[in-house]
Number of protein chains: 2
Amino acid sequence: MPSDHTRSAILAAAERLYADRGFGDVTLRDIVAEANVNLAAVNYHFGSKDELIAELFVTRSIATNRERLRELKAAEEEGGGRAPIEVILRALVGPTLRGCLGPENQRSTAARFMIRASIESVPPIRRIKNREIDHLRKFAGAMRRSLPDRNDVDIYWGLNFALAMAHHTIRESERLTKLSEGQCDLDDVEDVVERVVSVATMALTAGRTEAKAPSRIAAR
Amino acid sequence: MPSDHTRSAILAAAERLYADRGFGDVTLRDIVAEANVNLAAVNYHFGSKDELIAELFVTRSIATNRERLRELKAAEEEGGGRAPIEVILRALVGPTLRGCLGPENQRSTAARFMIRASIESVPPIRRIKNREIDHLRKFAGAMRRSLPDRNDVDIYWGLNFALAMAHHTIRESERLTKLSEGQCDLDDVEDVVERVVSVATMALTAGRTEAKAPSRIAAR
DNA sequence: TTGCAATTCAAACAGTTGTATGAAACTATC
DNA sequence: GATAGTTTCATACAACTGTTTGAATTGCAA
């Protein structure tokens with residue numbers, strides 16, 4: 001066993017620095033200084049800077065996705081293949097929100113890193129995110145089973161809006177806090193989860209699905 | 001009148017290149033080549049690269065904000081100081097969505113630039129976005145007048161979710177198209193606006209506001 | 001201990017970046 | 001048409017970037 005000391009020191013230092021200062025102004029030299037290793041070690045162990053970033057992001061997002069699917073599977077098994085839509089949505093947005101929100105001073109490095117990744121979206125990360133569609137399809141399938149009356153388009157829009165609310169709230173949590181002068185409590189993660197889930201549920205269940213286009217009121 | 005030829009050629013070329021290839025890999029040399037002007041012209045006319053980007057973004061976002069406020073003001077005047085919540089939300093998300101969505105081949109350079117700005121979020125742009133809170137406060141105020149029974153926290157969350165759905169749909173429009181295999185029609189902008197507005201309206205009007213915390217079902 | 005592979009290291013490389021300079025060209029005013 | 005102010009230009013600068021190199025060191029197996 002090759003001890004792995006250098007490799008994991010680089011990973012830890014890189015995640016910490018990226019989390020604190022963003023991808024934009026952290027260089028390999030910053031990372032190796034923080035990790036107390038030689039500059040060439042990054043290319044030796046990871047091949048390139050981008051592959052280092054990719055490995056960091058893949059590790060974390062695999063963990064999140066696994067947790068999502070675990071919750072989803074448990075819910076569907078309990079319901080005999082059909083889970084309530086709220087529970088599906090909670091499985092979709094819960095792990096992400098729990099991973100990224102919560103009291104700032106006790107946010108893990110991993111969480112702060114994932115927030116950065118959500119805000120800055122550098123090329124290696126974007127490439128990985130593009131491969132996440134298969135994962136989302138599983139949720140679309142579960143939602144379709146849960147709401148067999150709904151047409152696919154509504155399902156996809158509901159899924160899109162659920163992710164929108166979760167990710168935007170993470171990305172712009174500071175702004176929401178400032179806008180509301182602290183009245184919106186972003187530290188109460190379970191409250192945030194329930195807010196997102198309840199709105200997404202309404203989006204998916206309100207009205208009948210017959211009329212494909214929603215009531216179109218002329219905007220001007 | 002100093003003709004302004006060089007200055008506006010730089011602005012046009014920069015906006016086009018940033019729109020097409022993103023901020024990440026467009027250099028000043030690319031821009032001056034596209035604009036057929038000298039390299040030093042950028043620093044002469046704008047001071048620095050960041051100030052050039054800032055000017056581009058400020059111009060576009062001032063235009064959007066003006067349109068938003070125009071719609072909001074018209075609605076409130078018509079309603080005697082109190083506009084229906086749907087109309088307020090339409091004024092909030094309509095201009096942005098109309099500016100950034102629609103048939104890809106007829107999207108303006110400005111629209112594609114704003115999509116980039118929404119995705120990549122470079123420092124000079126982030127600085128400007130942080131100053132937009134005052135603008136959002138005006139909408140929060142209008143929403144409060146429209147829904148006097150709602151408490152502030154719910155208003156802010158509704159505002160947050162409305163922006164979330166609009167911006168996320170813009171940012172991830174490609175992914176939604178791919179996920180839905182083209183079934184979700186992102187080119188029908190007014191349909192998108194109505195979907196966002198109707199969900200946001202539900203978020204803001206459903207249930208009573210008495211119970212500060214929504215029904216909390218244990219997630220696990 | 002010897003030998004061999006894996007790892008670490010200092011140093012340099014090659015390229016790019018935004019910015020600064022100072023002279024040249026232009027423009028408009030008197 | 002001389003002058004003053006603005007704008008353009010070629011060029012250089014200085015700094016920083018990720019990556020590579022080849023020698024030194026380490027750790028382990030024979």
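All values reported here derive from a predicted model rather than from experimental measurement. Within every chain, numbering begins at 1; the chains are lettered A, B, ... in the order of the sequence lines, protein sequences first and strands thereafter.
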*Nearest nucleotide by nearest heavy atom, which residue falls closer to the 5' end of DNA chain C, Tyr44(A) or Leu39(A)?*
Tyr44(A)

Rounded to whole angstrom units, what separation is found between the [atom1] atom of [X] and the [atom2] atom of [N]?
X        : N       : atom1 : atom2 : result
Arg29(A) : dG18(D) : CZ    : C1'   : 7 Å
Leu28(B) : dT17(C) : CG    : C1'   : 8 Å
Ile53(B) : dG18(C) : CD1   : C1'   : 11 Å
Ile31(A) : dT17(D) : CD1   : C1'   : 13 Å
Lys49(B) : dA15(D) : NZ    : P     : 20 Å
Arg7(A)  : dA6(C)  : CZ    : P     : 16 Å
Phe46(A) : dT7(C)  : CZ    : C1'   : 14 Å
Asn43(B) : dA12(D) : CG    : P     : 18 Å

May I ask you to say whether [X] pairs ionically with [Y], meaning some side-chain N is under 4.0 Å from a carboxylate O?
X         : Y         : answer
Asp20(A)  : Arg116(A) : no
Arg16(B)  : Asp30(B)  : no
Asp134(A) : Lys138(A) : no
Glu104(A) : Arg112(A) : no
Glu67(B)  : Arg98(B)  : no
Arg144(A) : Asp154(A) : no

*Remember a base hit wins even if backbone is also touched, and classify Ala40(A) as base, sugar-phosphate or nothing at under 4.0 Å, heavy atoms.*
base

*Please test Arg7(B) against Tyr44(B) for side-chain hydrogen bond (donor to acceptor under 3.5 Å, both in side chains), starting from the C-alpha separation and ending with a verdict.*
CA-CA 9 Å; Arg7(B) 218 187 119 86; Tyr44(B) 177 78; over 6 Å; no

Kindly say if [X] contacts the phosphate of [N], meaning a side-chain N or O under 4.0 Å from OP1 or OP2.
X        : N       : answer
Asn38(A) : dT7(C)  : no
His5(B)  : dT8(D)  : no
Thr27(B) : dT16(C) : no

*Quantify the bending of the helix from dT1(C)-dA30(D) to dC30(C)-dG1(D) as the angle between its end axes, each fitted on five pairs, to 10°.*
0°

